[in-house]
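First comes the structure, then the notes that go with it.
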There are 2 protein chains.
Amino acid sequence: MVSLMLDERSKQILYAIIESYIDKPEPVGSRFVTKKYPFGFSSATIRNIMADLEEFGFLSQPHTSAGRIPTDKGYRFYVDSISGTDINKGFVRERMDKASYLHYDDSLGDMVCQFTKKLGRIKNDMNAMFSEVINTLSSMSNYVSVALPPKTEKTTFNRIDLIRYKDNKAVAILLTNEGVIKNKVLKIDASLAQEDINSIADYLNSEYAGHTLDEIRGSLVKRMKQEKLLWDEVIAKAIKICEQALLFTSEDIFVSGLYDVINLPDFSNILRIKQIAKAIKDKHLILRLLDEFSDAEGVQVLIGSEHHYEELNGLSVVASPYKEGDRPMGVIALIGPTRMNYPKAIYMVDRIAKCISKTLSD
Amino acid sequence: MVSLMLDERSKQILYAIIESYIDKPEPVGSRFVTKKYPFGFSSATIRNIMADLEEFGFLSQPHTSAGRIPTDKGYRFYVDSISGTDINKGFVRERMDKASYLHYDDSLGDMVCQFTKKLGRIKNDMNAMFSEVINTLSSMSNYVSVALPPKTEKTTFNRIDLIRYKDNKAVAILLTNEGVIKNKVLKIDASLAQEDINSIADYLNSEYAGHTLDEIRGSLVKRMKQEKLLWDEVIAKAIKICEQALLFTSEDIFVSGLYDVINLPDFSNILRIKQIAKAIKDKHLILRLLDEFSDAEGVQVLIGSEHHYEELNGLSVVASPYKEGDRPMGVIALIGPTRMNYPKAIYMVDRIAKCISKTLSD
DNA sequence: ATTAGCACTCTAAGCTTGAGAGTGCTAATA
DNA sequence: TATTAGCACTCTCAAGCTTAGAGTGCTAAT
């Protein structure tokens, strides 16, 4: 962990700079730090520390005589410090407040409460429910909110192909009635020949082709009870992929908050607006992105260029899956500029996701 | 009609200027006109005519030494010339082509055909159908497309209040389970006292309160047959309002095409982007606007400031209701900059609306 | 009625300039 | 040794100035 490299003082100054920048997107100078966050050192000292932080790669300068702004690596360090702690404990809230004039108690708590109540009322109407989710998320955060609702109807499994690849890997290509929607690499036992793999695929195809996810699920549960020990791990994995893939199709991603996000100073550049507008328009892009989070545990954060989607360059994603019981059902996420209020975004996504999980599981 | 004031030559030049400007948003100079549209006159002559057209209010100059651009009044004249003719006849197509590099035969025809086929296939899924409608409209036009689908379920009629107003008018205030959604002035017989009107309202309330539109419709048809001659015109009107109002709620307006529209040069200004993004976000605004078209006949055009919605200033709307049989069911529309390819927009909205009407009526 | 010619106007882009902000480095200090 | 005062240096941004080019309106000629 990188954090070991930084002493407490440097850390505090890094936080101060990041939070100042999140609050107001202007390069932070050493003199400003001494004034706004009186650590008790002169600007010269702060300057030295800032130079160190820049050497670590946590800060950068837009030009020689400007202050510093956080780099992706800086944000990553910051986010990791938060993620290491319990989201509901004081540390996250403290950071959240420091990064924004809006304080926690003023609004977030109330809104989450209201949201919870409302969700209970409309839990039977998935459409209404996810509209509510994205509206709440985007209006609370001013970022773009996205939700992948669970999709248990309509889409049917057509066939799966498994192709050996390298030593102990296989590519699974999944076809549904809506086309190829998943294309994933699995680890398999090195001893399996292509023939063996074929027979696994054949088995899955003969067993499940033409069925909807609901049906497949029903059958799955039954089978797993009956023949528990016979289940090969590869088959299990393949089925898991099918499951996940069948959950989502690009038709019904919920997206909201473009208007709010373009009012952020980060999007004063027209090209940036076009970029994010395009990303939202091409829903399959977001679909693929969020899909990667679908089997994760808890809130995940991708900063700036950490994801490999060029179209989303300079944007960060805070996402969390939600569940029905233990089964992952979908993902909600916030997409915003790299200069995001991460503590707030993480806090919100976490709470809302838990809220959805609870509602679904009852 | 204003058109009488213009001789044929001036008209042609006006068209040329408007179409040149629609094609490329740069002020049109006299020399440019002589080159691009060889009328056989020198630039000085064209200049004189352009000065006349400016006096009429059809053109204006951004500044003294610039060419001319059309005014709202100029566009209005242009649109009126088109609307006077049969949309499917050559004149509209000719104008459409002149105003755009994209020629009719290249794409529009094909797309409409494909659209028609697809619509037939998914006519039972309103959601899919209107998604298809707005996607087709916006991708064909590069403007923002909007659709108000018919809403026959869920929303129920709560009560109507009729309040006398001026000589022979009454305000109808309609309440549904989702709140006040219509507020319209009716003409009534001057001899009716407030009491009479109250009893009409009472009658409607007792008869229909709590019912959904579907139910109200059924009852309506029956009644109208039975007691045809007893029906008072005011009651008929009031019911008509209820009907229309119940058709739409802001929840399910379909909107698409923001990304396409912000790529138009008209939206190179960030404030303009924010404006249209906001208009789209505040769906109730569009709802109110389109609602005004719901009982019109055929394609309607509002140019620039002709509508009284400040938020939509500088935007034009081309809208058409669609029907099931004779009954208006909803509205589709294109929203774009004042510098719109009106012939194309009118043509498309007209065809798609007719297409929907046909599909619904079968 | 049309047109050639010309003086006039306005914009947009490029260039220069100076104030201001913030740095890095050095030498002095606790 | 850690900190700090002081200063020269760098870079940006806004303001002011200049100029080429586009397009006009008017006048006098056809």
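In this text the structure is predicted, and so the values were computed from the model without any measurement. Here is how names work: the chains are called A, B, and so on, in the same order as the sequence lines, proteins then strands, and each is numbered from 1.
The CD-C1' distance, from Glu54(B) to dC26(D), rounds to 16 Å in whole Å. Nucleotide dG21(D) holds its P atom 17 Å from the CD atom of Glu26(B), rounded to whole Å. Atom CZ in Phe39(B) sits roughly 18 Å away from atom C1' in dT3(C) (whole-Å rounding). Taking atom CG of Asp52(A) as the reference point, atom P of dA2(D) lies 12 Å away to the nearest angstrom. Distance Lys36(B) NZ to dG23(D) C1': 18 Å, rounded to the nearest Å. In this structure, Gln61(B) atom CD and dC8(C) atom C1' are separated by 13 Å, rounded to whole Å. At whole-Å resolution of the value, NZ in Lys35(A) and P in dA21(C) are 10 Å apart. Between Leu59(A) atom CG and dG22(C) atom C1' there is a gap of 14 Å when expressed in whole angstrom units.
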Using the rule given for ring pair (Phe, Tyr, Trp, His ring centres under 6.0 Å), can you reason through Tyr342(B) versus Tyr75(B), listing the C-alpha separation, both sets of side-chain angles and the distance that settles it, and then say yes or no?
CA-CA 9 Å; Tyr342(B) 292 99; Tyr75(B) 285 125; 5.5 Å; yes

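Residue Phe41(B) is classed as a sugar-phosphate contact, given heavy-atom separations below 4.0 Å to backbone atoms only. Note on Ser43(B): nothing from the nucleic acid sits closer than 4.0 angstrom, heavy atoms only.
Here the nucleotide nearest the side chain of Thr45(B), chosen from dT2(C), dG25(D), dG24(C), is dT2(C). Between dT3(D), dA4(C), dA21(C), one nucleotide has an atom nearer to the side chain of Ala44(B) than all others, and that is dA4(C). When distances are taken from the side chain of Ser42(B) to each of dG24(C), dA4(C), dA21(C), the shortest belongs to dA4(C). Residue Ser65(A) has its side chain nearest to dC11(D) when only dC11(D), dT23(C), dG25(D) are considered.
In terms of position on DNA chain C, the residue among Ile46(B) and His63(B) whose nearest nucleotide sits closer to the 5' end is Ile46(B). In terms of position on DNA chain C, the residue among Asn48(A) and Phe32(A) whose nearest nucleotide sits closer to the 5' end is Phe32(A).
Counting heavy-atom neighbours within 6.0 Å of Arg31(B) CZ, excluding the residue itself, gives a total of 12 or less.
Side chains of Thr71(A) and Ser60(A): a donor-acceptor N/O pair is absent below 3.5 angstrom, by distance only. If you check the side chains of Ser305(A) and Asp72(A), you find a donor sitting under 3.5 Å from an acceptor. Between the side chains of Ser10(A) and Asp7(A), at least one donor N or O sits under 3.5 Å from an acceptor N or O.
For dC11(D), its base never sits under 3.5 Å from the side chain of Thr64(A) at any donor and acceptor pair. Side-chain N/O atoms of Arg47(B) and base N/O atoms of dG25(D) include a donor-acceptor pair closer than 3.5 Å.
Look at Glu311(B) and Lys278(B) and you find no salt bridge, because none of the NZ, NE, NH1 or NH2 atoms lies under 4.0 Å from a carboxylate O.
In this model, the phosphate group of dG25(D) is approached by a side-chain N or O of Arg68(B) to a distance below 4.0 Å at OP1 or OP2.
Ring orientation note: the planes of Phe77(A) and Phe58(A) are tilted relative to one another, at an angle of 30° to 60°.
Each end of the helix from dA1(C)-dT30(D) to dA30(C)-dT1(D) yields a helix axis from five base pairs, and these two axes differ in direction by 20° (to the nearest 10 degrees).
Figure legend: cation-pi geometry between Arg9(B) and Phe41(B), with NZ or CZ positioned under 6.0 Å from the six-membered ring centre and within 45° of its axis.
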